[in-house]
**Q** 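The following block contains the structure, expressed as structure tokens.
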Amino acid sequence: MNIAIVGIGLIGGSIGIRLKETKFCEQVIGVEKSEINQKKALQLGLVDQIQTLDEAIQSCKAIILTIPVDSIMVLLPEILDKVTDQVIIDMGSTKSNILHLIQDHPNRGRYVAAHPMAGTEYSGPEAAIPNLFKEKMMVYVEAFRSDEDAFEVADAITEQLEMQTSFMTAEEHDMHTAYVSHISHLTSFALALTVLEKEKSQGRIFELAGSGFQSTVRLAKSSPDMWTPIFKQNRTNVLEVLEEHIKQLQHIYEKIEQEDYDAVHKWIKKSNKIKRIIK
């Protein structure tokens, strides 16, 4: 069995590393439009060879899409048009629009919607790392709509990645990711711009940037090519979480402005309850 990975960046490359380590398949085939990334993927040993998408569809049992979600919207229907018994697995960070797009496709059963809740702020083939997915969560979305054998192939790959699994509807997935993933990136982008704006007049500001700042702002290094489509595809949920976030910022702004530090203390103490969720 050959497995194709479409898009050999952080996620795709890390999947390739693991599947090659475990010898789960005969060959890992890379499909990548960037010639520079093709060469890097081969040099780094992330894939065994590079093929065109049409070649990969013909030679592979499973095709894993690890490309931006707007590109998935374009490619997924085209791939479904061409498959017979192959399995298509999309690893995108949003699901509602994708699933709606192909819900009536005659080959819908050959498709498995999945989202690995893992990553870093880096992108490209050189960002790929071993064990990126170990003990992280793989979310299956509307798995009941996939053919049983197609899901078994996808789940076997998930087992190779040593991931836990969860099952959700598209609406649940997109809402939850907006609150635990998308808002983290939005906040980091905004904080980076806040500090960069101040740096224009206070050039030495980054001399004081310690681990707290670095851990909070690190996601601002994430790829705009990946994240702009995510915000676009999950617009409704992103706006909802942003509205609540802005409300919280406005609240604490007012309390500090009013010098109501008892309220500030209570606000921080209330936020500490996140320890019940994150150890």
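All values reported here derive from a predicted model rather than from experimental measurement.
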**Q** Side chains of Asp155 and Tyr140: donor-acceptor distance under 3.5 Å anywhere?
**A**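 Distance-only check passes for Asp155 and Tyr140.
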**Q** Supply the atom-to-atom distance Thr236 OG1 to Glu171 CD, rounded to the nearest 0.5 angstrom.
**A**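 Answer rounded to 0.5 Å: 11.0 Å.
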**Q** Are Met137 and Ile15 in one and the same hydrophobic cluster, where Ile, Leu, Val, Met, Phe, Trp and Tyr link if side-chain heavy atoms are under 4.5 Å apart?
**A**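 Not linked; separate clusters.
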**Q** Are Leu75 and Leu80 connected into the same hydrophobic cluster when the rule is that any two of I, L, V, M, F, W, Y join if their side-chain heavy atoms are below 4.5 Å apart?
**A**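 Yes, Leu80 and Leu75 fall within the same hydrophobic cluster.
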**Q** Would you call Leu65 and Ile89 a side-chain contact if the rule is heavy atoms closer than 4.5 Å?
**A**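 Not in contact.
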**Q** Using 30° and 60° as the class limits, which term best fits the ring planes of Phe189 and Phe231: parallel, tilted or perpendicular?
**A**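 Phe189 vs Phe231 ring planes: perpendicular.
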**Q** Check whether any side-chain N or O of Thr228 sits under 3.5 Å from a backbone N or O of Pro224 as a donor-acceptor pair, and report yes or no.
**A**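 Here the side-chain-to-backbone pair exists.
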**Q** Once salt bridge (charged side-chain N to carboxylate O under 4.0 Å, His left out) is applied, what residue pairs with a partner in residues 258-268 remain, sequence neighbours excluded?
**A**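 Residue pairs with at least one partner in residues 258-268: there are none.
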**Q** Say you draw a straight line from CD1 of Ile157 to OG1 of Thr22; how long is it, rounded to the nearest 0.5 Å?
**A**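 Rounded to the nearest 0.5 Å, the CD1-OG1 separation comes to 10.0 Å.
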**Q** Is it true that the side chains of Ser223 and Tyr122 contain a donor and an acceptor less than 3.5 Å apart?
**A**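 Ser223 vs Tyr122: no donor-acceptor pair found between side chains.
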**Q** Without hydrogens or angle criteria, can the side chains of Ser96 and Asp174 be said to hold a donor-acceptor pair below 3.5 Å?
**A**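 Side chains of Ser96 and Asp174: pair found under 3.5 Å.
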**Q** May I ask you to test the Tyr179-Asn237 pair for a side-chain heavy-atom distance under 4.5 Å?
**A**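 No; the side chains remain at least 4.5 Å from each other.
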**Q** Within this structure, what is the CD1-OH distance for the pair Ile79 and Tyr111, rounded to the nearest 0.5 Å?
**A**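 Answer for the CD1-OH pair, Ile79 versus Tyr111, is 11.0 Å.
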**Q** Do Arg110 and Asp85 sit within salt-bridge range, that is, some charged N less than 4.0 Å from a carboxylate O?
**A**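 A salt bridge is absent here (no side-chain N lies under 4.0 Å from a carboxylate O).
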**Q** When you compare the side chains of Asn234 and His182, does any donor N or O come within less than 3.5 Å of an acceptor on the partner?
**A**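 Indeed, the side chains of Asn234 and His182 share at least one donor-acceptor pair under 3.5 Å.
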**Q** I need the Glu142 CD to Lys95 NZ distance, nearest 0.5 Å.
**A**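 Glu142 atom CD to Lys95 atom NZ measures 11.0 Å (nearest 0.5 Å).
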**Q** Does one hydrophobic cluster hold both Ile3 and Ile29, with members joined at side-chain heavy-atom distances below 4.5 Å?
**A**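 Shared cluster, no.
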**Q** Can you give each donor-acceptor pair under 3.5 Å made by side-chain atoms of residues 39-53, sequence neighbours left out, with the distance rounded to 0.1 Å?
**A**
from, atom 1, to, atom 2, distance (Å)
Lys40, NZ, Glu126, OE2, 3.3
Asp48, OD1, Lys20, NZ, 2.7
Asp48, OD2, Val28, N, 2.7
Gln49, OE1, Gln51, NE2, 3.4
Gln49, NE2, Gln27, OE1, 2.7
Gln51, OE1, Ala56, N, 3.3
Gln51, OE1, Ser59, OG, 2.8
Thr52, OG1, Glu55, N, 3.1
Thr52, OG1, Glu55, OE1, 3.4

**Q** Rounded at 0.5 Å granularity, tell me how far CG in Leu19 sits from CD1 in Ile5.
**A**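 Reported to 0.5 Å precision, the distance equals 6.0 Å.
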**Q** For residues Leu99 and Asn97, determine if any side-chain heavy atom of one lies less than 4.5 Å from a side-chain heavy atom of the other.
**A**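 A side-chain contact is absent here, since even the closest heavy-atom pair is not under 4.5 Å.
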**Q** Picking from Val141, Ile64, Val87, Ile88, what satisfies side chain to side chain contact (heavy atoms under 4.5 Å, CB included) with Val112?
**A**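 It is Val87, the one option of Val141, Ile64, Val87, Ile88 that forms the side chain to side chain contact (heavy atoms under 4.5 Å, CB included) with Val112.
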**Q** Pairing donors with acceptors under 3.5 angstrom, does anything connect the side chains of Gln258 and Glu254?
**A**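 No donor-acceptor contact under 3.5 Å links the two side chains.
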**Q** Going from CG on Asp90 to OG1 on Thr66, what distance comes out if it is rounded to the nearest 0.5 angstrom?
**A**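 If I round to the nearest 0.5 Å, the distance is 10.0 Å.
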**Q** Is the Phe144-Phe151 ring centre distance short of 6.0 angstrom?
**A**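 No, too far apart.
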**Q** Among the clusters formed by ILVMFWY side chains lying less than 4.5 Å apart, do Ile8 and Val31 turn up in the same one?
**A**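 Result: no, two separate clusters.
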**Q** Any donor and acceptor pair, going by atom type alone, linking the side chain of Ser222 with main-chain N or O of Leu219 inside 3.5 Å?
**A**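 Yes; judged by distance alone, with no hydrogens or angles, the pair exists.
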**Q** So, the side chain of Ser188 versus the backbone of His185: is there a donor-acceptor pair under 3.5 Å, distance only?
**A**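 Not at all, since once roles are kept as given, no pair shorter than 3.5 Å links the two residues.
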**Q** Taking the side chain as C-beta and beyond, is there a heavy-atom pair between Asn131 and Arg18 under 4.5 Å?
**A**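 They are in side-chain contact.
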**Q** Side chains of Ile98 and Met73, heavy atoms from C-beta outward: is any pair under 4.5 Å?
**A**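 Answer yes - side chains close enough.
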**Q** Run the side-chain hydrogen bond (donor to acceptor under 3.5 Å, both in side chains) check on Gln86 and Thr84 step by step: do they pass?
**A** CA-CA 6 Å; Gln86 300 96 319; Thr84 52; 3.1 Å; yes
